[in-house]
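Sequence lines set the chain letters: A, B, ... in the order given, protein chains first and strands last, and positions in each chain run from 1.
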Amino acid sequence: MPELPEVETTRRGLVARVLDARIERAIVRNRALRWPVSTGLEAAIAGARIDAIERRAKYLLFACERRGHLLVHLGMSGRLWLVANDEPPAIHDHVDIVLATGFSIRLRDPRRFGAVLWLPAGAPVHPLLASLGPEPLTAAFDAPYLYRVLRGRSAAIKLVLMDSHVVAGVGNIYANEALFEARINPRTSASRLGPARCARLVEAVRTILARAIEAGGSSLRDYVAADGKLGSFQDTFNVYGRDGLPCVRCGAPVRAIWQGNRSTWYCVRCQRA
DNA sequence: ACGCCCTCCTGTTGGC
DNA sequence: TGCCAACAGGAGGGCG
């Protein structure tokens with residue numbers, strides 16, 4: 001699924017094309033996503049102007065005038081892009097936001113782990129958003145913060161880094177790549193990272209995410225940007241998916257292990273501890 | 001509160 | 001070629 005860089009790339013592509021556009025109507029072909037798409041969604045957004053498109057963690061938030069926000073999460077297999085209004089839907093094209101510009105924002109999500117929720121203005125902050133950790137590319141995510149949080153966590157650093165309550169938006173690809181960048185073993189207990197390694201990890205997460213956004217994200221299977229273009233960060237993976245290949249830094253083999261039902265890759269020499 | 005495991009769903013890939 | 005198991009970018013929920 002799209003992680004932070006893919007969602008951010010999607011956001012930027014949409015901002016360039018649909019900001020200030022008027023929503024004519026919504027078409028929901030399948031309401032059975034991660035949570036049911038509310039039956040009131042169509043009426044809630046019909047006729048509204050898209051005033052802003054924001055991102056929090058891996059959530060996209062479309063500001064619909066004073067009415068509220070349309071929240072979209074892409075799950076594991078979601079993509080959100082623009083099609084002409086008369087483009088016929090394919091299987092798994094569950095939602096269209098039909099715009100007055102002649103284009104529609106289309107959501108395709110074969111696995112249906114994604115979400116489309118309506119957040120009315122004035123409602124309390126949605127629980128999904130309320131408990132998120134800081135954005136990794138803001139000043140709130142710094143070494144003292146990370147050190148403070150990790151002290152109380154005995155689980156493996158890779159798993160903690162992927163916990164959105166610790167830091168928002170870091171998924172499997174970028175957790176692997178950031179730990180390589182910071183030369184930290186993914187199995188190391190988070191509580192064993194001192195201030196210096198926390199500082200390195202903060203910088204690594206920022207660097208990797210910024211580079212990935214520059215590259216338009218990573219396209220492995222499903223992901224495309226709002227304009228249909230593929231990302232290219234997958235071409236510069238240092239460890240992700242590189243089981244048995246030589247480390248680009250030292251030549252030692254990259255090893256694959258399992259952590260929490262997810263794949264992890266790391267260099268057996270560069271990331272010894 | 002935390003750690004660990006399971007779950008939702010479909011498509012693709014690789015081994016036999 | 002076909003069948004089947006394993007695996008895939010997420011993350012909430014239940015349990016101990």
What donor-acceptor contacts under 3.5 angstrom involve side-chain atoms of residues 141-153 of chain A, with partners at least two apart or in another chain?
from, atom 1, to, atom 2, distance (Å)
A/Asp142, OD1, A/Tyr145, N, 3.0
A/Tyr145, OH, A/Val166, O, 2.6
A/Arg153, NH2, A/Asp163, OD2, 3.1

With a 4.0 Å heavy-atom cut-off, tell me which residues in residues 211-219 of chain A come close to DNA chain B, sorted by residue number. none
Looking at residues at least two apart in the chain, or sitting in another chain, which of them share a side-chain hydrogen bond (donor to acceptor under 3.5 Å, both in side chains) with A/Arg29? A/Asp96
Base versus backbone protein contacts along nucleotides 1-6 of chain B [heavy-atom cut-off under 4.0 Å; B, S, -]: -SSS-B
Distances for protein N/O vs nucleotides 13-16 of chain B N/O pairs under 3.5 angstrom?
none

Paired runs of 3 or more consecutive Watson-Crick or G-U pairs involving DNA chain B, with both pairing distances under 3.5 Å, are B:2-8 with C:10-16, B:10-16 with C:2-8
Given a cutoff of under 4.5 Å between side-chain heavy atoms of I, L, V, M, F, W and Y, with clusters grown through shared members, what are the other residues clustered with A/Leu245? none
Show every side-chain hydrogen bond (donor to acceptor under 3.5 Å, both in side chains) that has at least one partner inside residues 196-212 of chain A, sequence neighbours left out. A/Glu181-A/Arg211
All N/O contacts under 3.5 Å from nucleotides 9-11 of chain B to the protein, with atom names and distances to one decimal?
from, atom 1, to, atom 2, distance (Å)
B/dC9, O4', A/Arg111, O, 3.4
B/dC9, O3', A/Arg112, NH2, 2.6
B/dC9, O2, A/Arg111, NE, 2.9
B/dC9, N3, A/Arg111, NH2, 3.3
B/dT10, OP1, A/Arg112, NH2, 2.8
B/dT10, O4', A/Pro110, O, 3.4
B/dT10, O3', A/His92, NE2, 3.0
B/dG11, OP1, A/His92, NE2, 2.6

Show the distances under 3.5 angstrom between N or O atoms of the protein and N or O atoms of nucleotides 12-16 of chain C.
from, atom 1, to, atom 2, distance (Å)
C/dG12, OP1, A/Tyr59, OH, 3.4
C/dG12, O4', A/Arg34, NH2, 2.9

Name all pairs fulfilling the side-chain hydrogen bond (donor to acceptor under 3.5 Å, both in side chains) condition that reach into residues 34-49 of chain A, sequence neighbours left out, sorted by first residue then second. A/Arg31-A/Glu42, A/Arg49-A/Asp51
Any pair counted as side-chain hydrogen bond (donor to acceptor under 3.5 Å, both in side chains), so long as it reaches residues 237-253 of chain A, sequence neighbours left out: none
